[in-house]
J.: 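Sharing a structure here in structure tokens format.
So you know, we letter chains A, B, ... as the sequences are listed, proteins then strands, and number each from 1.
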Amino acid sequence: MPTQALARQRNDSTFPSIWDELTWRGLVHVSTDPEALARALAAGPLTAYCGFDPTAPSLHLGHLTQLLVLRRLQLAGHRPIGLVGGSTGLIGDPRPSAERTLNSRETVAAWVERLREQVGRFLDFEGPSPARMVNNLDWTAGLSAIDFLRDIGKHYRVGTMLKKDAVAARLNSEAGISYTEFSYQILQGYDFLQLYREHGCTLQTGGSDQWGNLTSGIDLIHRVEGVAVHAIGTPLITNSDGRKFSKSEGTAVWLDPESTTPYAFFQFWLNTADADVIERLKVFTFLSRDEIDGLEQAVQERPGAREAQRRLAWEVTALVHGDEAADAARDASAALFGSGDLAALPPAMLEAALAELPSATGEPGTSVAGLLVATGLTASAGESRRAIAQGGVYVDNERVTDAEAVLGPMLHDRFAVLRRGKRTLAAVVRDA
RNA sequence: GGGAGGGUGUCCGAGUGGUUAAAGGAGACGGGCUGUAAACCCGUUGGCUCUGCCUACAGAGGUUCGAAUCCUCUCCCUCCCA
């Protein structure tokens with residue numbers, strides 16, 4: 001539970017306002033009337049919410065941006081509400097590409113619990129502006145179809161709904177769109193209305209791809225309550241090379257340590273491109289403008305040293321997994337990449353480093369190809385064979401050249417370090 | 001309800017009876033160069049007990065020496081009409 005990180009976080013006091021800081025950090029891509037919003041933020045504590053739908057058992061990096069926006073608002077004295085989409089998760093936000101497969105109610109309910117716990121870790125539930133967690137199932141579960149159509153549906157114009165990006169894209173594609181997903185924006189709009197009524201919530205944040213859903217609530221509140229509320233859309237984070245940010249080796253980077261180990265998480269950030277690292281520091285860390293400026297200079301003067309990447313990796317890992325996990329990941333990274341001679345590492349350090357990696361059991365004589373599969377470094381025996389043939393497999397930093405190779409003597413008689421490519425590592429541990 | 005078109009590997013997309021495990025592209029992975037970057041160059045990319053075998057072109061069945069390609073039924077999608 002990374003409470004150290006929470007306690008340490010603060011906004012940069014050199015900014016005249018939270019609005020200025022959010023802007024500087026590049027977190028505002030679109031918003032409702034910027035002047036009115038800046039004024040509202042400056043006028044006193046307001047309540048802001050962001051929703052997280054249970055589409056998987058864990059949040060991923062895309063969600064982290066949102067969590068940090070809420071946290072920054074909280075640090076500025078505003079009250080954050082984290083919403084988990086117990087009901088919206090049952091419906092599915094339309095993606096531009098294709099219809100979602102519905103998950104069972106039990107699955108969604110289980111994911112809701114996990115997300116609720118994850119979201120809770122990034123906000124402070126005590127202090128002067130305590131956070132709050134809500135589940136939209138609480139106010140939609142009892143809503144009848146008739147009430148829904150009469151009380152909410154009547155405020156929606158189909159013409160407007162059709163113009164929403166994801167909907168329009170789907171209508172123009174072969175996939176089409178179901179009535180279920182088409183209705184999603186109404187549910188999200190109703191959430192905002194509900195939170196406005198219950199908690200006086202007047203600001204919703206979300207990714208810019210959510211803009212249509214954000215304005216859905218704004219319009220509804222305006223119609224029903226006659227009040228102008230606000231929204232901030234954060235930019236879609238992309239890599240300078242056009243590759244998808246938040247994907248490592250083709251799969252999402254998760255906040256759950258069971259899905260993405262702290263070590264893998266640390267490595268992901270450490271490998272950030274020079275061209276992206278400053279932007280990432282602004283969005284994903286609480287470092288001050290001064291500190292980030294300093295790191296920017298370091299990148300220009302000594303890019304090879306990768307100071308900014310190291311700092312970024314530690315900060316974000318500490319934020320998500322705690323200081324100890326960040327230290328362990330950093331030390332493991334240094335130990336395993338630092339020296340070519342693994343046998344020279346003190347056994348305790350080697351053991352600690354290997355504990356961060358995916359592992360399998362083996363002993364001298366165990367097939368290397370089999371171990372690659374067992375550790376998850378390759379997906380099949382055939383892939384192992386190809387990887388070895390291509391010279392992409394190493395045991396204890398020695399390249400393996402024979403597809404039939406077996407494990408030799410182990411480090412300290414207990415360990416072996418398996419490597420795929422330049423930087424994907426796994427541990428082999430002898431069964432005690 | 002009626003009619004037309006369509007469902008191919010991670011994704012996009014060619015292929016309308018026989019060198020098709022399936023063109024091409026993207027993505028991903030590996031090698032080289034580097035800084036555990038980026039860019040660039042080269043290679044790989046269904047599985048296995050791997051000079052062979054198995055499984056695959058929505059699902060099931062059929063025709064044929066032989067099918068992703070032809071036929072039947074089922075499921076799903078798109079468009080037009082109602």
Side-chain angles (χ1 to χ4, degrees), chain A residues 94-102 167-182 238-253 261 263-281 295-296 298-314 317 329-340 342 353 356-357 367-370 372-373 375-394 397 399-404 417-426:
Chain A
R95 288 177 295 195
S97 50
E99 189 84 6
R100 290 175 192 269
T101 310
L102 291 178
V167 173
R170 286 279 290 282
L171 283 172
N172 289 325
S173 78
E174 272 188 20
I177 183 166
S178 68
Y179 183 70
T180 304
E181 289 194 0
F182 177 60
T238 53
N239 281 346
S240 52
D241 60 7
R243 254 185 304 197
K244 213 176 245 171
F245 168 72
S246 88
K247 295 273 168 129
S248 169
E249 326 228 329
T251 52
V253 177
T261 64
Y263 174 81
F265 191 84
F266 183 92
Q267 286 292 320
F268 171 80
W269 293 101
L270 189 62
N271 284 311
T272 302
D274 292 354
D276 297 322
V277 69
I278 297 305
E279 192 185 313
R280 299 287 181 270
L281 283 164
L295 288 167
E296 185 163 21
V299 173
Q300 279 166 11
E301 290 167 3
R302 304 174 295 280
R306 295 188 304 155
E307 281 173 54
Q309 279 89 342
R310 286 176 212 286
R311 187 69 191 274
L312 175 69
W314 190 89
T317 308
R330 179 197 56 207
D331 293 346
S333 175
L336 295 170
F337 282 100
S339 82
L342 292 162
E356 303 294 318
L357 305 175
S367 139
V368 172
L372 286 168
V373 177
T375 52
L377 251 37
T378 59
S380 69
E383 194 178 325
S384 294
R385 208 173 297 117
R386 278 194 298 270
I388 292 173
Q390 290 176 134
V393 174
Y394 305 77
N397 286 343
R399 180 173 276 174
V400 176
T401 52
D402 178 7
E404 308 294 321
V417 179
L418 214 53
R419 194 169 105 220
R420 167 100 195 266
K422 268 183 272 196
R423 58 199 184 209
T424 312
L425 295 162

J.: Say you pick atom C1' in G43(B) and the same atom in C33(B); how far apart are they, in whole Å?
T.: 15 Å
J.: With C1' as the reference atom in both, quote the distance from U8(B) to U16(B) in angstrom, rounded to an integer.
T.: 13 Å
J.: What's Thr378(A) touching, base or sugar-phosphate or nothing? Going by heavy atoms closer than 4.0 Å.
T.: nothing
J.: RNA chain B: Glu383(A) or Gly391(A), which has the more 5' nearest nucleotide?
T.: Gly391(A)
J.: Hunt down the Watson-Crick or G-U wobble partner of C75(B), both distances under 3.5 Å, from any strand shown, or write none.
T.: G7(B)
J.: Any side-chain donor paired with an acceptor under 3.5 Å for Gln267(A) and Ser333(A)?
T.: yes
J.: According to the Watson-Crick and G-U wobble definitions, with both distances under 3.5 Å, which nucleotide is paired to A23(B)?
T.: none
J.: Could you give the distance separating C76(B) and A60(B) at their C1' atoms, to the nearest angstrom?
T.: 15 Å
J.: Which one, G35(B), A38(B), C48(B), comes nearest to the side chain of Pro303(A)?
T.: G35(B)
J.: Between U36(B) and Ser333(A), is there an OP1 or OP2 to side-chain N/O distance shorter than 4.0 Å?
T.: no
J.: Using a cut-off of less than 4.0 Å, is there contact between a side-chain N or O of Tyr394(A) and OP1 or OP2 of G30(B)?
T.: no
J.: Can you measure Gln309(A) atom CD to A38(B) atom P for me and round it to whole angstrom units?
T.: 10 Å
J.: Closest heavy-atom contact between Leu377(A) and Leu425(A)?
T.: CD1-O, 3.9 Å
J.: Over how many whole Å does the gap from Leu372(A) atom CG to C29(B) atom C1' extend?
T.: 13 Å
J.: Tell me: CG of Leu270(A) to C1' of A38(B), nearest whole Å?
T.: 15 Å
J.: Does any non-hydrogen side-chain atom of Asn397(A) lie less than 4.5 Å from one of Val417(A)?
T.: no
J.: Using a 4.0 Å heavy-atom cut-off across all strands, classify Gly304(A) as base, sugar-phosphate, or nothing.
T.: base
J.: Quick one: closest heavy-atom pair of Ala381(A) and Val373(A), and the distance?
T.: N-CG2, 3.8 Å
J.: So Arg399(A), base contact, sugar-phosphate only, or nothing? Heavy-atom distance under 4.0 Å.
T.: sugar-phosphate
J.: Give me the distance, rounded to whole Å, that separates G1(B) from U69(B) when you measure between the P atoms they each carry.
T.: 28 Å
J.: Let's test this: given Watson-Crick or G-U wobble pairing with both distances under 3.5 Å, identify the partner of G43(B).
T.: C29(B)
J.: Is there a donor-acceptor contact under 3.5 Å linking the side chains of Asp274(A) and Gln309(A)?
T.: yes
J.: Could you go through the side-chain contact (heavy atoms from CB on, under 4.5 Å) check for Leu295(A) and Leu312(A) one step at a time?
T.: CA-CA 10 Å; Leu295(A) 288 167; Leu312(A) 175 69; over 6 Å; no
J.: By nearest heavy atom, map Ile177(A) and Val393(A) onto RNA chain B; which one lands nearer the 5' end?
T.: Val393(A)
J.: Looking only at N and O atoms, is any donor in the side chain of Gln390(A) or the base of G43(B) less than 3.5 Å from an acceptor on the other one?
T.: yes
J.: To the nearest angstrom, how far is Ile388(A) atom CD1 from G31(B) atom C1'?
T.: 15 Å
J.: The side chain of Phe337(A) is closest to which nucleotide in this list: G30(B), U36(B), A38(B)?
T.: U36(B)
J.: Counting heavy atoms not belonging to Glu404(A), are there more than 12 under 6.0 Å from its CD?
T.: no
J.: If you measure from the P atom in C71(B) to the same atom in A4(B), how many Å do you get, rounded?
T.: 14 Å
J.: Just to confirm, is there a sub-4.0 Å distance from OP1 or OP2 of G46(B) to any side-chain nitrogen or oxygen of Arg386(A)?
T.: no
J.: Between atom CZ in Arg419(A) and atom P in C29(B), what is the gap in whole Å?
T.: 16 Å
J.: Does the structure show a Watson-Crick or G-U wobble partner for C70(B), both distances under 3.5 Å? Name it, or say none.
T.: G62(B)
J.: Can you tell me how far P in A38(B) sits from the matching atom in C70(B), rounded to whole Å?
T.: 46 Å
J.: Give me the atom names and distance for the closest heavy-atom approach of Arg170(A) to Ser178(A).
T.: NH2-N, 4.3 Å
J.: Between P on A37(B) and CH2 on Trp269(A), what's the gap in Å once rounded to a whole number?
T.: 17 Å
J.: Between G13(B) and G24(B), how many Å separate the two C1' atoms, rounded to a whole number?
T.: 8 Å
J.: Using atom CZ of Arg95(A) as one end and atom C1' of C11(B) as the other, report the distance to the nearest whole Å.
T.: 13 Å
J.: Given C48(B), G31(B), U34(B), which nucleotide is nearest the side-chain atoms of Lys422(A)?
T.: U34(B)
J.: Figure out the CD1/P separation between Ile278(A) and A37(B), and round it to whole Å.
T.: 18 Å
J.: OP1 or OP2 of G35(B) less than 4.0 angstrom from a side-chain nitrogen or oxygen of Arg310(A), does that happen here?
T.: no
J.: Using the C1' atom on both, measure G7(B) against U19(B) and round to a whole Å.
T.: 28 Å
J.: Once you apply a heavy-atom cut-off of 4.0 Å, does Ala381(A) come out as touching a base, just sugar-phosphate, or nothing?
T.: sugar-phosphate
J.: From the set G30(B), U36(B), A38(B), return the single nucleotide nearest to any side-chain atom of Asn271(A).
T.: U36(B)
